[in-house]
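Comments concern the structure below.
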Amino acid sequence: MIVAGGSGFIGSHLCEALLNRGYRVLDLDDHSTGRVSNVAHLLDVDGFTLLEGDVTDGGIAGRVAAVVGDETVAAVAHLASAASPPAYLARPLETLAVGSIGTDRLISIALRYEARFLLASTSEVYGDPLEHPQRETYWGNVNPIGERSVYDEAKRFAEALTAAHERASGLDARIARIFNTYGPRMQPDDGRVVTNFVHQALRGEAMTVYGDGTQTRSFCFVSDEVEGLIALLESEVRGPVNLGNPTEFTMIELAVAVGEVIGVEPRLDHRPLPSDDPKVRQPDISRARELLGWEPRVALRDGLRLMVDSLDDTAASGADH
Ligand code: UDP
């Protein structure tokens, strides 16, 4: 199994779960946003290999071939991309390249090994949605030239390329639309709302709420997300599948939950709303429920507790972030 972006937040949890299921895993990551420390505990695990490389690089297929040799490859999972808004806004051209050129190169690798291809797509393909909750049949409402378009349109193009290869090249593809996911190993400075609120509350600071805080998101704990990804990968389900937790919260409700879990009175510091920030987001997961028999199990407060406990463990062990 090749996991592009395997040193990232979701990618590293996926590598670990795949190894536990008996797969051999090649983590292909350029460590532009992923970190070696996310997979440091896997480096000595039998069956795990780390290859530092950029999926947009013209020589990447050759470098992968040199490592894989004549082994069979069950699947190529494409999770390589900056994913948090501050991270992709800081790398606009790289983000467009990884979704387009990178996807093309990874599909070529999958075709060469007759491997299944799993595309990690995103709820961002729905943009600022006019349909709520979002079903896979909804085509989305994306500003094609807005700041966020570098991520949204790259992922939409990646879906288009994947679907075209399914039709034209017989690619055996799976498309996961991943909704907001949180948990251990999120980078403290990734700028996402859960990370910001948790670290701000732990430092006794006010939580930075963008806009009036009535915008909504639906937060999926990472172990649930990874179970969904593996269920999809091992299924025969074609076409996009939403994978997320359907319980929706406003950002103010999230701040209250974080305050409760950490045991502090939530104080809010309102800041300007970023451009094109979606007002609502909630997955309709009927397809995943019916076709994969999957649904999230970890409630928000339980997941936040697990995340906060993991930070305590990291601090106690003096580990490097
Ligand atoms: N947000 C916030 N405070 C923060 C960071 C984000 O209120 O410190 C808001 C952001 O404007 C958005 C939501 O939280 O409405 C989720 O943002 P995030 O960056 O986590 O992910 P997105 O779903 O926008 O990709």
Side-chain angles (χ1 to χ4, degrees), residues 5 8-10 33 79 81-92 95 98-99 120-129 132-134 140-143 146-156 158 176-222 225 242-259 262 264 266-283 300 303-304 307:
F9 159 51
I10 299 181
T33 56
L79 286 85
S81 178
S84 80
Y88 63 68
L89 294 174
R91 300 170 179 77
T95 302
V98 78
S121 184
T122 168
S123 54
E124 287 281 332
V125 300
Y126 303 122
D128 188 7
H132 192 67
Q134 294 79 52
N141 177 38
V142 172
N143 174 357
E147 285 191 335
R148 289 177 89 104
S149 68
V150 298
Y151 185 70
D152 302 6
E153 295 293 15
K155 290 289 188 180
R156 288 170 67 96
R177 289 187 180 152
I178 298 176
F179 283 64
N180 296 65
T181 301
Y182 71 101
R185 290 190 210 138
M186 294 182 93
Q187 294 183 43
D189 60 352
D190 70 4
R192 285 184 172 282
V193 68
V194 174
T195 344
N196 280 0
F197 283 8
V198 163
H199 288 275
Q200 288 159 348
L202 285 172
R203 289 194 298 262
E205 295 170 10
M207 291 180 257
T208 50
V209 172
Y210 300 164
D212 64 7
T214 57
Q215 73 270 35
T216 68
R217 295 293 186 274
S218 309
F219 301 100
C220 189
F221 191 67
V222 66
E225 189 65 44
N242 288 339
L243 293 177
N245 190 313
T247 314
E248 188 183 11
F249 295 87
T250 66
M251 295 311 100
I252 291 178
E253 288 168 340
L254 174 67
V256 169
V258 168
I262 293 177
V264 296
R267 287 185 299 119
L268 308 183
D269 172 10
H270 287 274
R271 302 278 178 93
L273 194 65
S275 64
D276 296 327
D277 197 270
K279 285 180 265 316
V280 290
R281 184 179 294 156
Q282 181 192 28
L300 180 67
L304 289 173
M307 184 173 165

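Whatever order the structure lists them in is the order used to number ligands and atoms, beginning at 1. Here the structure is a predicted model, which is why all the values come from computation and not from measurement.
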Among side-chain atoms of Thr216 and Gln282, is any donor-acceptor pair under 3.5 angstrom?
no
May I ask you to decide whether Arg217 forms a salt bridge with Asp277, counting only side-chain N to carboxylate O separations under 4.0 Å?
yes
Evaluate Tyr210 for polar contact with ligand 1, using N/O atom pairs at a separation under 3.5 Å.
yes
Counting N and O atoms only, with roles assigned by atom type, does the side chain of Asn141 sit under 3.5 Å from a partner on the main chain of Gly127, one being a donor and the other an acceptor?
no
Looking only at N/O atoms, are Asn180 and ligand 1 under 3.5 Å apart anywhere?
yes
Charged N-O contact under 4.0 Å between Arg271 and Asp269:
yes
Considering Asp212, Thr208, Thr122, Val280 one by one, which has a heavy atom nearer to atom 3 (N) of ligand 1 than any of the others?
Thr208
Could you tell me whether ligand 1 has any atom less than 4.0 Å away from a heavy atom of Gly191?
yes
Quick one: does Met207 get within less than 4.0 Å of ligand 1, heavy atoms only?
no
For the pair Phe179 and Tyr126, name the ring-plane relationship: parallel under 30°, tilted 30 to 60°, perpendicular over 60°.
tilted
Identify the protein heavy atom lying closest to atom 21 (O) of ligand 1, giving its residue, its atom name and the separation to 0.1 Å.
Arg192 NH1, 3.4 Å
Among all protein heavy atoms, pick the one closest to atom 9 (C) of ligand 1 and tell me residue, atom and distance.
Gln215 NE2, 3.7 Å
Close approach of His199 to ligand 1, heavy atoms, under 4.0 angstrom:
no
Out of Leu273, Asp277, Val209, whose heavy atom sits nearest atom 10 (C) of ligand 1?
Asp277
Please determine whether any non-hydrogen atom of Ser84 lies less than 4.0 Å from an atom of ligand 1.
no
Let me confirm one number: the CG-CD distance from Leu243 to Glu225, rounded to the nearest 0.5 Å.
5.5 Å
Flag the pair Lys155 and Glu124 as a salt bridge only when some basic side-chain nitrogen lies within less than 4.0 angstrom of an acidic carboxylate oxygen.
no
